[in-house]
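Data first, discussion second: the structure below is written as structure tokens.
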Amino acid sequence: MNDIQEDVQLTKVETILMLGIIGCLLFATWEIGHLLSDEWLRDWVAVNRFVRRRVILYGIAFFMSISSVFFSIKYTYSTNRFIQVINRAFLWYGTLLLISTIAIFVFDCLPEVFAGVMGAVIFIAAIYIIQKKHFTKARMISKRIEKGRCFSCDTLLPPNAIYCPHCKEKVGTKCSKCNSYLSINDNYCSACGEKNSDRKI
């Protein structure tokens, strides 16, 4: 039991340190981009600041993100725990950097209208994914039953109803062993533990 506790605590520490690595790498990447564009290549950037500054910033970001992802893929199957943690940090760093760079690029370089449309499409896709995952038919049916409502027509049910008084859908049953009331969504009888043979949801 103590070994398991120590392992869990170690994993939490590793996760915190991994997040620290990712944050530092992200900060360092953007700082390198700013140093190149504002200090080291200032004269070259001054010729066309709008274009050349973005070439440097996005170039550094894309190069670092793709390099780190390839690095992490190379060491994916390492059995060394230290390498696994560092590898995971580089994978998350590369992924987050790539996503954030693409997002900034879309809103920075593309026309505002297109960026707005793209943003709306992304939010619509997010809503669709959330609804598909969390608002499935089975989940909605279960929620209605928990609230004492008919899973078919959403009518508020009388206590211990066997059928919905509005749509005649079967919403409850009696335990075959002790005759206690069971919701159609119950797996077992709470009084005697008998399996609910009428469960359909």
Side-chain angles (χ1 to χ4, degrees), residues 3-140 142-143:
D3 292 341
I4 295 170
Q5 291 253 331
E6 285 171 11
D7 189 48
V8 171
Q9 289 173 358
L10 182 62
T11 302
K12 288 178 181 177
V13 170
E14 286 175 340
T15 303
I16 292 167
L17 293 174
M18 190 177 71
L19 291 173
I21 292 169
I22 295 166
C24 290
L25 287 173
L26 288 171
F27 178 74
T29 303
W30 289 114
E31 282 303 306
I32 289 170
H34 286 297
L35 280 171
L36 282 168
S37 62
D38 298 337
E39 299 291 335
W40 299 337
L41 300 175
R42 183 175 21 188
D43 295 336
W44 182 77
V45 171
V47 175
N48 188 340
R49 184 166 177 79
F50 181 82
V51 174
R52 294 188 177 185
R53 188 169 189 275
R54 282 161 177 75
V55 167
I56 292 171
L57 293 176
Y58 294 125
I60 290 288
F62 279 119
F63 173 76
M64 293 300 291
S65 61
I66 292 167
S67 298
S68 63
V69 169
F70 276 120
F71 170 83
S72 62
I73 289 170
K74 184 178 179 181
Y75 294 100
T76 299
Y77 299 106
S78 173
T79 54
N80 186 302
R81 187 179 179 89
F82 173 75
I83 296 295
Q84 284 181 347
V85 174
I86 299 300
N87 184 55
R88 199 171 296 172
F90 271 93
L91 179 62
W92 277 105
Y93 157 71
T95 305
L96 289 172
L97 182 60
L98 187 62
I99 291 169
S100 62
T101 303
I102 291 170
I104 293 168
F105 177 80
V106 167
F107 286 99
D108 187 33
C109 297
L110 298 180
E112 288 81 358
V113 174
F114 182 72
V117 171
M118 285 298 293
V121 169
I122 290 168
F123 281 113
I124 289 168
I127 290 169
Y128 173 76
I129 291 167
I130 290 168
Q131 286 185 340
K132 191 171 183 180
K133 185 174 182 180
H134 295 285
F135 297 97
T136 60
K137 186 177 180 182
R139 193 180 177 93
M140 295 300 290
S142 181
K143 286 290 182 187

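Distance check, rounded to the nearest 0.5 Å: OG1 of Thr95 to CG of Leu91 gives 4.5 Å. In this structure, CD1 in Ile102 is found 9.5 Å from CG in Leu97, a value given to the nearest 0.5 Å. Atom CZ in Phe27 sits 10.5 Å away from atom CD1 in Ile32 (nearest 0.5 Å). Ser37 contributes atom OG, which lies 10.0 Å from atom CH2 of Trp44 (distance to the nearest 0.5 angstrom). Annotation: the span from Asn48 atom CG to Arg54 atom CZ amounts to 10.0 Å, rounded to 0.5 Å. The CH2 atom of Trp40 sits 11.0 Å away from the CD1 atom of Ile56 when rounded to the nearest 0.5 Å.
In the displayed structure, Arg88 atom CZ is contacted under 6.0 Å by at most 12 heavy atoms of other residues, nucleotides or ligands.
Two residues are said to be in side-chain contact when any heavy atoms from C-beta on lie closer than 4.5 Å; His34 and Arg53 meet this criterion. The shortest side-chain heavy-atom distance between Thr101 and Trp30 falls under the 4.5 Å cut-off. Two residues are said to be in side-chain contact when any heavy atoms from C-beta on lie closer than 4.5 Å; Ile104 and Tyr58 meet this criterion. Residues Ile21 and Tyr93 form no side-chain contact, since every pair of their non-hydrogen atoms from C-beta on lies 4.5 Å or further apart.
Phe90 meets the ring pair (Phe, Tyr, Trp, His ring centres under 6.0 Å) test with Phe71; sequence neighbours excluded.
When all heavy atoms are compared, the tightest approach of Gly94 to Ser68 is CA-OG, 2.9 Å. In plain terms, the two heavy atoms of Ser65 and Leu98 that are nearest each other are OG-CD1, 3.5 Å.
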